[in-house]
Amino acid sequence: MAVNKVNEDLLRERARYTFNIEELTNFIDGGEEGTRNRREVEDMVIHVKELHDEVPEDYLSHKERYENAVKKGCILIDLLKEHVLRHSSFDAYKPSNMYRVLSMAKEVSPVLLHMGMFVPTIFGQASAEQQEEWLHKALMLEIIGTYAQTELGHGTFLRGLETTATYDPSTEEFVLHSPTLTSYKWWPGGLGQTANHCIVVAQLYSREKCYGVHAFLVQIRDSETHMPLPGIKVGDIGPKLGFQTANNGFLGFDHFRIPRKNMLMRNAQVLKDGRYVKSKSDKLTYGTMMLVRVMIVSDAAYELSRAATIAARYSAVRRQSMPRPGQPEPQILDYVTQQHKVFIAIATSHALRLTGGWLWDAYSSLTHDLDQGNLDQLPELHALACCLKAISSRDSNSLVEQCRMSCGGHGYMSSSNFPTIYGATAATVTYEGEYTVMLLQTARYLMKAWKEALGGIVLTPTVAYMVTYNKAKPAWVNTPEAIIQGFHAVAVGKVKEAADGIEYHQNSGKDYEDAWNAASVMLVKASECYCRAIICETFWKEIQKHSRSMSRNLAVVLQQLSELYLSYWVLERSGDFFQVRTVPLTRTKFEFVSFASPKCHCQMCTGFVAHITSVVVLAVQVSIQNLTLTFCTRKRNEFDIGSC
Ligand SMILES: CC/C=C\C/C=C\C/C=C\C/C=C\C=C\C(=O)SCCNC(=O)CCNC(=O)[C@H](O)C(C)(C)COP(=O)(O)OP(=O)(O)OC[C@H]1O[C@@H](n2cnc3c(N)ncnc32)[C@H](O)[C@@H]1OP(=O)(O)O
Ligand SMILES: Cc1cc2nc3c(=O)[nH]c(=O)nc-3n(C[C@H](O)[C@H](O)[C@H](O)COP(=O)(O)OP(=O)(O)OC[C@H]3O[C@@H](n4cnc5c(N)ncnc54)[C@H](O)[C@@H]3O)c2cc1C
């Protein structure tokens, strides 16, 4: 049998990298043990022939594709369980590990929602007694669940959900009902044919009073026959852009009864006589969504790293055109336009991975605080999870598309894997909180923070700079730290512009809701800029922190990638930087000038914006050229596919 010979161009590129690949791999995996665990699971998977398709999945029927995905999902879960039993150090059920393993099969797993939301909801919202009853069964997949919140009529507006759960004290049961067609649950992954249980989010009624949305654990199919239970209507919602094997389904209840104990009671409770015991915060019901949003940042980075690796490798082996007559066709990696497409995808995968790790640590700290009854950090973490989920998924999805396009026609083949990666990342922009809605949630937080900043109140860490920028303007010097300060100045300017916009519309007679809506494009922009500043600052600081304990050669390359990321986004947002005005002193200072602002001294602003712009653009061009030069002198570093 012919042995696949590695492409000579690829071998030559790999012989050129200037740093230790194993060191980078360990850095990406979060340490040597992470690499060891990942490789152990990969080695298990790679040798299971049932996980390799004889026929491309695109040539299978929907039923065959689903059955294929179920088969692979079972194999992967069994491998994971076996690995967990053998190596308790590998926390297989830490959700992001689970996603990594399930995504080793090309098809999205029909049990993704079981592991991605059903299990975490039991962890986060079930009482200790309920965890005792359900958690082990769920972890061992003795029950298979999903998360049924979205309805045909409502996905974003949770307070508008129509499914009802009405408490009947005479039988100590909740009666679940879908009063309208629009109240049917629509979308939950695994619901079509796979799940026999689900978390149902419904409006809780007791003693004829509505207490808002709460979560219930509901068995929907018979454990033996797998048929829907009486009073349950359930099935598949049909073909989608991607995620074809996620088995998304619909679910309707016809006065379906469940025991009182099936209301998840970690936070709020309904007593036997129907009395409602309030949670410390209604917002705790939303806890699972915050967890998944936090996970999505890291998983969006992971999917982008796969796409960037494919594009980088293809760029090394593809030769095209003849800039010099008679010369061999060059590798497309030598075209600066190709580097401009691919290198930012590599840099962004690192930026989002490191930011995702930072956010996971913040979330872990919050869950510890919540266990102690301290909710102080909840609003900031909600704002962070919303904007970082939105921006990371959108950046990942658009850069996956950019990587696909950088591979020409071959990028359009299913065998390139770009269509599958694109379908997965496109979904993340919408699910777990739609892009715009998430940014508006963060904007709510920023408007409150701005009011506190104006009053000189000490702010939470990620918005603390608003107080300083509102008083003293930072000096401009051409360093990464100054560019980050520039992003802070832009973010403050956009927040101020949006707050001024709301005030302007209120002063013109609109109520707050209409003024908010009229200013909502500026509010989204303010959240985007706040989030970009966080990613830029976190990426840079994480690289500085880790560089101290890594070899110089690797530190240099990662530093270049973080500088590329900063420079790229200054260029992408140069319009926002143009709005940064300097004051004519010996040292240039930042002051954000909104084009809508009557205070702009345009000849001065134009003069100094030209000055600051030339400095910014010059700095940016220099750093991009430096990076390009570095890479162009064929010191490009091929990332070991296993290390991305
Ligand atoms: C590439 C692969 C990547 C990842 C794979 C990993 C895992 C895969 C697993 C799952 C993915 C697959 C399937 C997807 C599943 C789903 O999509 S599940 C359904 C998700 N649905 C949503 O996210 C709904 C979005 N809507 C909302 O969150 C809310 O409706 C709202 C938008 C926040 C609006 O809320 P509402 O209108 O009720 O009220 P507001 O007045 O706006 O807010 C009220 C106050 O509550 C605070 N709040 C809101 N949400 C939260 C929260 N989650 N945590 C904490 N606090 C919250 C809000 O800030 C307000 O507070 P206030 O300002 O002080 O008043
Ligand atoms: C692949 C996939 C898998 C999914 N899996 C699940 C699952 O397992 N479980 C589950 O419960 N759900 C799931 N969902 C549903 C998902 O959570 C919802 O689609 C998502 O929350 C968006 O809600 P929606 O579809 O109702 O869109 P809408 O909220 O109707 O959004 C439509 C448009 O209206 C705009 N809009 C809405 N509200 C506002 C506002 N207040 N201000 C400004 N603009 C607004 C949005 O920005 C958007 O442009 C899944 C979705 C997808 C695509």
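Keep in mind that this is a model prediction, so the values were computed, not measured. Whatever order the structure lists them in is the order used to number ligands and atoms, beginning at 1. Heavy-atom basis, side chains included; hydrogens, waters and symmetry copies ignored.
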Proximity winner for atom 58 (C) of ligand 1, if only heavy atoms of E432, Q441, M117 are counted: Q441
Heavy-atom nearest option to atom 26 (N) of ligand 1, drawn from T150, L102, T156, V429: T156
Ligand 1 contact on L113 by region, counting heavy-atom pairs under 4.0 Å: side chain
Proximity of Y147 to ligand 1 by residue part, where a heavy atom lies under 4.0 Å: side chain
Check for me whether [X] has a heavy atom closer than 4.0 Å to any atom of ligand 1.
X    : result
C386 : no
V437 : yes
R293 : yes
E434 : no

Do NZ/NE/NH1/NH2 and the carboxylate oxygens of [X] and [Y] come within less than 4.0 Å?
X    : Y    : result
R266 : D371 : yes
E107 : K72  : yes
E67  : K63  : yes

Test side chain to side chain contact (heavy atoms under 4.5 Å, CB included) applied to M289 and L158, step by step: CA-CA 12 Å; M289 289 183 284; L158 300 187; 3.3 Å; yes
Which residue supplies the protein heavy atom nearest to [atom], what is that atom called, and how far is it?
atom                    : value
atom 64 (O) of ligand 1 : K448 NZ, 3.1 Å
atom 41 (O) of ligand 1 : R444 NH1, 2.8 Å
atom 18 (C) of ligand 2 : T150 OG1, 4.1 Å

4.0 Å protein heavy-atom contact status of [atom], strictly under:
atom                    : result
atom 12 (N) of ligand 2 : yes
atom 42 (N) of ligand 2 : yes
atom 33 (C) of ligand 2 : no

Would you check whether [X] has a nitrogen or oxygen atom less than 3.5 angstrom from a nitrogen or oxygen atom of ligand 2?
X    : answer
Y431 : no
G155 : yes
T146 : no
H154 : no
G189 : yes
T156 : yes

Side-chain touch [X]/[Y], heavy atoms, less than 4.5 angstrom:
X    : Y    : answer
F418 : C407 : yes
N262 : F174 : no
Q193 : V234 : no

Residue portion contacting ligand 2 (non-hydrogen atoms closer than 4.0 Å) for E432: backbone
Proximity to ligand 2 by part of N248, non-hydrogen separation under 4.0 Å: side chain
Proximity flag M117 to ligand 2, non-hydrogen atoms under 4.0 Å: no
For L113, atoms of ligand 2 separated by under 4.0 Å from a heavy atom: 8 (O)
